[in-house]
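Just below is one structure, and these are the notes that go with it.
Quick note: numbers below take in every heavy atom, side chains included, and nothing from hydrogens, waters or symmetry partners. Here the structure is a predicted model, which means the values were calculated and not measured.
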Amino acid sequence: MQEFISKRATGMKRSVIRELLKLAERPEIISFAGGLPDPETFPHDELAEIAADELRSNYRNVLQYGLTEGSTILRRVMLDWLRLQGFDVNVEQMVVTTASQQGLDLLGKAFLDPGDVVFCGLPTYLGAIQAFTLFQAEKIGIPLEEDGMDLDVFEQRVGEARQMGKTLKAVYVIPDFQNPTGITMSLAKRRRLLEIARREELLVFEDNPYGQLRFAGEPIPSLQSLDADGRVILLLTLSKVLSAGLRLAVLVARSDLIDVLVRVKQPTDVCTSKLTQHLAARYFLDYDIEDHLRVLRQSYCKKREAMITALETYMPKEEGIHWTRPDGGFFLWVRLPEEIDAEEMFARALEHKVAYVIGNAFYVDGGGKNTMRLSYSVSTEAEIEEGIKRLSGVVREELAARRVSLAT
Ligand SMILES: Cc1ncc(COP(=O)(O)O)c(C=O)c1O
């Protein structure tokens with residue numbers, strides 16, 4: 001069979017992490033692993049009413065094929081929403097995708113040849129690493145600081161890669177409440193990143209699923225809205241703000257880039273589901289998305305608070321244990337003392353009925369062994385407290401075990 005498999009598919013390993021996470025799905029386990037939106041926040045009654053109406057009175061349209069660019073009704077609604085947020089965009093600058101993961105795949109199809117370089121955070125979103133890997137791109141990781149990528153290192157890596165004669169294509173950034181760390185890139189860094197991208201002629205892939213879920217601090221303009229020369233491609237998903245099951249996002253970019261993306265989307269799925277596009281558009285037209293977002297922000301803020309309070313209460317007071325304090329989104333990031341390997345600790349965590357994502361999965365250079373991602377989005381506040389109590393016990397045991405083995 002091996003001889004039939006494409007080179008591209010051969011490079012795609014089954015993720016060890018995903019296999020481990022299957023174990024975390026047992027009901028007795030409190031899992032901080034999945035980065036899912038809280039299902040209790042889905043506006044299911046409203047969507048049920050809209051769906052019944054659309055299927056009865058608009059079935060000829062919503063059960064049919066649609067435009068590859070996306071349904072006009074959803075693109076209009078998204079344009080209005082973006083304009084309210086200060087974006088200066090028109091309809092030719094947008095394509096609807098089957099959520100952001102398809103957007104990442106289309107970016108690979110449209111812009112990446114084997115060996116092309118994409119710079120990304122160290123750590124960064126696993127699904128993006130997989131998408132760029134599928135197109136055989138080289139991923140070069142740039143360490144993160146408290147206010148986003150270390151841009152001195154970025155410039156250094158760009159210089160090194162150029163010297164080696166590599167083709168540099170893009171930098172991938174999640175500027176707000178990054179997955180997996182919860183870190184937000186400062187305005188100064190956004191401006192400087194754009195300057196570097198301009199000088200080095202790189203595209204900027206700006207992935208922003210969590211920007212609407214800010215519950216502390218002031219919003220920072222997106223890279224796309226600061227971009228003067230049309231090199232930013234923004235991915236904006238509705239997964240975290242409305243429903244992940246609708247599978248909807250938009251890509252926003254210069255119209256000639258959108259044209260390429262539409263061409264590569266056509267053979268992928270012809271069009272994104274017209275039914276779900278209409279459901280989302282009608283939701284925006286019939287209800288106030290801002291009211292909905294206010295509820296989401298309040299709910300995730302409380303959960304983040306519960307997790308931070310529990311970490312402060314239960315985690316061993318050891319040097320080398322740190323966590324981020326995100327101003328929005330779903331995740332916080334825990335760094336453990338160097339001697340702890342979060343992958344080895346995972347089995348102990350499952351014994352104590354708690355789960356997390358091993359941080360190493362988000363590193364393109366194999367680093368981050370002593371880190372883990374904790375998601376507070378789906379657990380209740382009581383589960384968060386109990387889960388962190390369990391996890392803190394696991395860390396304490398692991399530290400003790402390491403020290404015994406070092407002493408003997
Ligand atoms: C940074 C980032 N990009 C993309 C996605 C994919 O989201 P979707 O395909 O549901 O839009 C996620 C989901 O967790 C994410 O965190």
Side-chain angles (χ1 to χ4, degrees), residues 17 20-21 23-36 38 40 123 144 146 177-184 210 213 215-216 297-362 368-407:
I17 305 301
L20 286 177
L21 290 183
L23 301 172
E25 280 169 14
R26 299 202 309 260
E28 69 276 17
I29 290 181
I30 296 181
S31 178
F32 300 131
L36 314 175
D38 182 354
E40 296 311 320
L144 296 186
E146 269 178 29
F177 329 121
Q178 196 239 21
N179 182 359
T181 59
I183 285 174
T184 294
Y210 307 100
L213 300 177
F215 40 68
R297 290 182 197 122
Q298 257 178 16
S299 158
Y300 291 128
C301 183
K302 278 196 196 150
K303 288 169 189 248
R304 187 245 3 212
E305 237 9 79
M307 189 168 269
I308 291 200
T309 307
L311 285 165
E312 284 167 353
T313 311
Y314 298 111
M315 266 289 163
K317 311 280 178 283
E318 285 268 344
E319 232 177 273
I321 304 186
H322 305 282
W323 49 87
T324 53
R325 193 188 167 83
D327 286 338
F330 290 179
F331 310 110
L332 58 80
W333 184 247
V334 180
R335 187 170 287 283
L336 298 166
E338 293 286 338
E339 68 262 33
I340 292 195
D341 181 326
E343 186 167 349
E344 286 174 16
M345 192 174 80
F346 195 76
R348 198 189 287 276
L350 287 185
E351 275 167 31
H352 285 70
K353 302 190 177 53
V354 61
Y356 53 85
V357 186
I358 295 153
N360 171 255
F362 304 99
K369 298 225 178 285
N370 58 327
T371 59
M372 53 187 173
R373 187 191 76 179
L374 303 182
S375 167
Y376 46 79
S377 55
V378 287
S379 311
T380 62
E381 287 167 63
E383 285 164 346
I384 290 173
E385 183 179 2
E386 176 57 28
I388 293 295
K389 203 171 174 181
R390 292 180 194 174
L391 185 60
S392 303
V394 171
V395 171
R396 198 167 281 115
E397 278 183 19
E398 194 72 12
L399 277 170
R402 295 277 149 174
R403 284 178 190 156
V404 169
S405 78
L406 280 178

Could you pull out the closest heavy-atom pair between [X] and [Y], with the gap in Å?
X      : Y      : result
Met315 : Ser392 : N-OG, 3.4 Å
Val354 : Gly387 : CG2-O, 3.5 Å
Pro316 : Leu399 : CG-CD1, 4.3 Å
Ala306 : Ile384 : C-CG2, 3.8 Å

From Ser375, Pro326, Pro180, residue fulfilling side chain to side chain contact (heavy atoms under 4.5 Å, CB included) relative to Leu332: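 When Ser375, Pro326, Pro180 are each tested with Leu332, the side chain to side chain contact (heavy atoms under 4.5 Å, CB included) holds only for Pro326.
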Partners meeting side chain to side chain contact (heavy atoms under 4.5 Å, CB included) with Thr309 (sequence neighbours left out): Glu305, Thr313
Residues in side chain to side chain contact (heavy atoms under 4.5 Å, CB included) contact with Glu386, at least two apart in sequence or another chain: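 Expected list: Ile30, Lys389, Arg390.
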Kindly check if the number of other-residue, nucleotide or ligand heavy atoms within 6.0 Å of CD (Glu318) is above 12? yes
Restricting to side-chain hydrogen bond (donor to acceptor under 3.5 Å, both in side chains), what partner residues turn up for [X], sequence neighbours left out?
X      : answer
Arg26  : Glu28
Arg335 : none
Asp327 : none

Pair Phe362-Val357, side-chain contact (heavy atoms from CB on, under 4.5 Å): steps then yes or no: CA-CA 9 Å; Phe362 304 99; Val357 186; 3.6 Å; yes
Determine whether a donor-acceptor pair (N or O, by modelled atom type, separation under 3.5 Å) exists between the side chain of [X] and the backbone of [Y].
X      : Y      : answer
Tyr356 : Ala342 : yes
Thr371 : Gly368 : yes
Asn370 : Leu336 : yes

Taking Glu397 first and then Arg348, would you say they form a salt bridge - that is, a charged N and a carboxylate O separated by under 4.0 Å? yes
Stepwise, does the side-chain contact (heavy atoms from CB on, under 4.5 Å) test hold for Phe331 with Thr181? CA-CA 6 Å; Phe331 310 110; Thr181 59; over 6 Å; no
Residues in ring-ring contact (aromatic ring centres under 6.0 Å, His included) contact with Phe330, at least two apart in sequence or another chain: Tyr210, Tyr300
